[in-house]
Amino acid sequence: QVQLVESGGGLVQPGGSLRLSCAASGFILDRYTIAWFRQAPGKEREGVSYISSKDGGTYYADSVKGRFTISRDNAKNTVYLQMNSLKPEDTAVYYCAADLWGRMVVAGFSDVSFSSWGQGTQVTVSS
């Protein structure tokens with residue numbers, strides 16, 4: 001059974017750091033593109049970052065570029081999102097997702113490209 005489980009969220013002060021984890025089961029994670037999305041209250045879900053299955057290439061939304069780093073530990077079948085210099089506007093529920101059907105080549109970096117999702121982890125940046 002395909003499953004993604006996020007962890008690592010919490011409350012942090014502005015300027016602080018958190019590391020989110022996305023543990024996969026039921027499939028080999030490095031064979032698929034894995035992404036992080038987030039959804040703030042009253043806002044649409046937005047793509048934050050992804051790591052490609054092909055060459056491990058990465059992408060970041062402009063809003064997090066230079067502050068967030070996505071990485072993958074194949075031995076642990078886990079993807080991480082290191083978040084530094086956090087801002088109040090980073091407050092959201094963060095989800096990891098897997099493109100198990102290769103839809104990104106058609107639909108691009110959009111939530112419709114990702115068929116498997118975790119339950120989400122809350123990140124709150126506040127003083």
Side-chain angles (χ1 to χ4, degrees):
Q1 182 180 358
V2 170
Q3 192 173 19
L4 294 168
V5 178
E6 303 98 333
S7 61
L11 173 64
V12 63
Q13 292 187 342
S17 298
L18 282 174
R19 188 178 78 157
L20 305 183
S21 299
C22 172
S25 60
F27 70 102
I28 299 175
L29 189 144
D30 69 353
R31 294 182 181 177
Y32 304 94
T33 294
I34 307 297
W36 287 95
F37 288 78
R38 67 185 181 186
Q39 188 165 22
K43 293 189 177 181
E44 291 189 357
R45 188 160 53 189
E46 65 168 331
V48 174
S49 178
Y50 68 78
I51 184 164
S52 173
S53 59
K54 285 187 177 180
D55 54 5
T58 58
Y59 166 86
Y60 300 95
D62 287 343
S63 57
V64 305
K65 200 173 293 181
R67 300 187 298 122
F68 290 11
T69 303
I70 192 169
S71 63
R72 186 173 62 203
D73 185 332
N74 294 339
K76 295 183 178 180
N77 215 33
T78 298
V79 165
Y80 302 98
L81 186 68
Q82 178 68 44
M83 306 186 297
N84 298 329
S85 302
L86 282 162
K87 305 175 181 180
E89 51 263 44
D90 294 317
T91 295
V93 178
Y94 284 71
Y95 300 89
C96 67
D99 177 14
L100 300 181
W101 300 104
R103 291 175 180 160
M104 268 191 65
V105 295
V106 176
F109 186 32
S110 168
D111 54 4
V112 300
S113 295
F114 294 83
S115 56
S116 182
W117 292 79
Q119 82 289 349
T121 186
Q122 176 70 47
V123 172
T124 303
V125 185
S126 174
S127 55

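Here the structure is a predicted model, which means the values were calculated and not measured.
Taking CG of L86 as the reference point, atom CD of Q13 lies at 11.5 Å (rounded to 0.5 Å). Rounded to the nearest 0.5 angstrom, W36 CH2 and F68 CZ are separated by 11.0 Å. Rounding to the nearest 0.5 Å places OG1 of T69 at 11.0 Å from CE of M83. The NZ atom of K87 lies 8.5 Å from the OG atom of S63; values are rounded to the nearest 0.5 Å.
The backbone N or O of F27 lies less than 3.5 Å from a partner atom in the side chain of N77, making a donor-acceptor pair. At least one donor-acceptor pair under 3.5 Å links the side chain of T121 to the backbone N or O of G9. Remark: side-chain polar atoms of Q119 are paired, donor with acceptor, to backbone N or O of E6 under 3.5 angstrom. Between the D99 side chain and the M104 main chain, a donor and an acceptor come within less than 3.5 Å of each other. Looking at Y60, its side chain does come within 3.5 Å of a backbone N or O of I70 through a donor-acceptor pair. With hydrogens and angles ignored, the 3.5 Å screen pairs no side-chain donor or acceptor of D73 with any backbone N or O of T78. Between the side chain of R103 and the backbone N or O of S110 there is no donor-acceptor pair closer than 3.5 Å.
V123 and L4 fall within the same hydrophobic cluster, where Ile, Leu, Val, Met, Phe, Trp and Tyr residues are linked whenever their side-chain heavy atoms come under 4.5 Å apart, directly or through other members. Hydrophobic clustering places V79 together with L100 (ILVMFWY residues linked when any side-chain heavy atoms are closer than 4.5 Å, directly or through intermediates). Using a 4.5 Å cut-off between side-chain heavy atoms of Ile, Leu, Val, Met, Phe, Trp and Tyr, with links allowed through other members, Y80 and Y94 fall into different hydrophobic clusters. Connection of I34 to L18 is established within a shared hydrophobic cluster, with ILVMFWY side chains joined at heavy-atom distances below 4.5 Å, either directly or through further cluster members.
For K65 and D62, the salt-bridge test passes: some basic side-chain N is under 4.0 Å from an acidic carboxylate O.
Note on ring orientation: taking the six-membered ring where Trp is involved, the planes of Y59 and F109 are perpendicular (angle over 60°, cut-offs 30° and 60°).
At least one side-chain heavy atom of W101 sits less than 4.5 Å from a side-chain heavy atom of S115.
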